[in-house]
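What follows is a set of notes on a single structure, which appears directly below.
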Amino acid sequence: FAQANGHCRVPFIGDTDRLAKWANRQRSRKTLSGDQIAALDGIGFDWSSSRAPGECDRRWDEMYARLVRFKQRFGNCLVPQHFPEDRELGPWVAHQRRLRKLRKKI
């Protein structure tokens with residue numbers, strides 16, 4: 001990911017969701033060895049758990065705007081997981097639905 005994208009801030013969307021979860025676990029682990037820490041540092045691993053102020057909001061707003069355009073075009077919000085015109089939109093919508101279900105359980 002770092003080689004292809006030039007950074008180690010892995011997004012929780014689409015194909016990178018599992019990697020993003022793994023990266024978050026590494027940030028919170030208390031038992032990383034010195035070699036593991038050095039290896040992560042060596043590729044420029046982002047140890048901060050938070051993004052720049054407003055970055056998450058801007059990303060959410062961008063994805064929401066894409067969903068609005070989808071609804072205007074197709075008349076619904078039933079974005080396929082593998083929508084070829086926007087590969088990130090389907091997984092993002094699925095993630096929003098999962099978040100809503102989790103909030104209902106609380």
Side-chain angles (χ1 to χ4, degrees):
F1 181 90
Q3 210 169 31
N5 295 283
H7 62 80
C8 292
R9 292 178 310 278
V10 186
F12 282 95
I13 291 182
D15 297 338
T16 61
D17 189 61
R18 288 183 64 203
L19 180 59
K21 289 176 185 174
W22 178 87
N24 264 355
R25 283 193 304 274
Q26 304 319 298
R27 289 181 186 101
S28 62
R29 279 182 61 189
K30 306 291 184 211
T31 57
L32 286 174
S33 72
D35 289 342
Q36 290 170 322
I37 292 169
L40 290 170
D41 283 341
I43 61 165
F45 186 74
D46 181 5
W47 291 99
S48 64
S49 59
S50 61
R51 302 203 184 284
E55 183 178 335
C56 291
D57 291 338
R58 282 190 298 276
R59 177 70 175 152
W60 191 93
D61 290 344
E62 173 194 332
M63 294 305 294
Y64 176 75
R66 288 158 65 175
L67 178 60
V68 168
R69 286 191 297 274
F70 180 93
K71 183 172 184 191
Q72 288 169 342
R73 182 173 171 196
F74 296 101
N76 62 57
C77 293
L78 303 174
V79 183
Q81 279 288 348
H82 302 287
F83 182 53
E85 294 175 37
D86 189 339
R87 296 181 58 172
E88 292 179 312
L89 188 58
W92 182 82
V93 170
H95 181 71
Q96 300 309 305
R97 289 187 177 123
R98 281 192 304 274
L99 290 174
R100 185 168 188 264
K101 283 181 185 178
L102 288 173
R103 286 189 182 106
K104 280 187 172 182
K105 289 181 181 181
I106 295 176

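Just so you know, these numbers come straight off a predicted model, no measurement behind them.
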Below 3.5 Å, can you tabulate the donor-acceptor pairs from side chains in residues 62-69 to any protein atom, sequence neighbours excluded?
| residue | atom | partner | partner atom | Å |
| --- | --- | --- | --- | --- |
| Glu62 | OE2 | Arg59 | NH1 | 3.2 |
| Glu62 | OE2 | Arg66 | NH1 | 2.7 |
| Arg66 | NE | Asp86 | OD2 | 2.8 |
| Arg66 | NH1 | Glu88 | OE1 | 3.4 |
| Arg66 | NH2 | Asp86 | OD1 | 2.5 |
| Arg66 | NH2 | Asp86 | OD2 | 3.2 |
| Arg66 | NH2 | Glu88 | OE1 | 3.0 |

- request: Check salt bridge (charged side-chain N to carboxylate O under 4.0 Å, His left out) between Arg73 and all other residues, then give those that pass, not counting sequence neighbours.
  value: Glu85

Under the side-chain contact (heavy atoms from CB on, under 4.5 Å) test, residues paired with Arg18 that sit two or more places apart: none

Distance-only donor-acceptor pairs under 3.5 Å for side chains of residues 74-83, two or more places apart:
| residue | atom | partner | partner atom | Å |
| --- | --- | --- | --- | --- |
| Asn76 | OD1 | Leu78 | N | 2.9 |

- prompt: Which residues satisfy the side-chain contact (heavy atoms from CB on, under 4.5 Å) test with Gln36, sequence neighbours excluded?
  reply: Arg29, Leu32, Ser33

- prompt: For Asp41, which residues count as a side-chain hydrogen bond (donor to acceptor under 3.5 Å, both in side chains) partner, sequence neighbours excluded?
  reply: Trp47

All salt bridge (charged side-chain N to carboxylate O under 4.0 Å, His left out) counterparts of Arg87, not counting sequence neighbours: Asp15

message: Please enumerate all residues that pass side-chain contact (heavy atoms from CB on, under 4.5 Å) together with Ala20, with sequence neighbours excluded.
response: Val10, Phe12

Straight-line distance of Asn24 CG to Leu19 CG, nearest 0.5 Å: 10.0 Å

field: salt bridge (charged side-chain N to carboxylate O under 4.0 Å, His left out) involving Lys71 - partner list, sequence neighbours excluded
entry: none

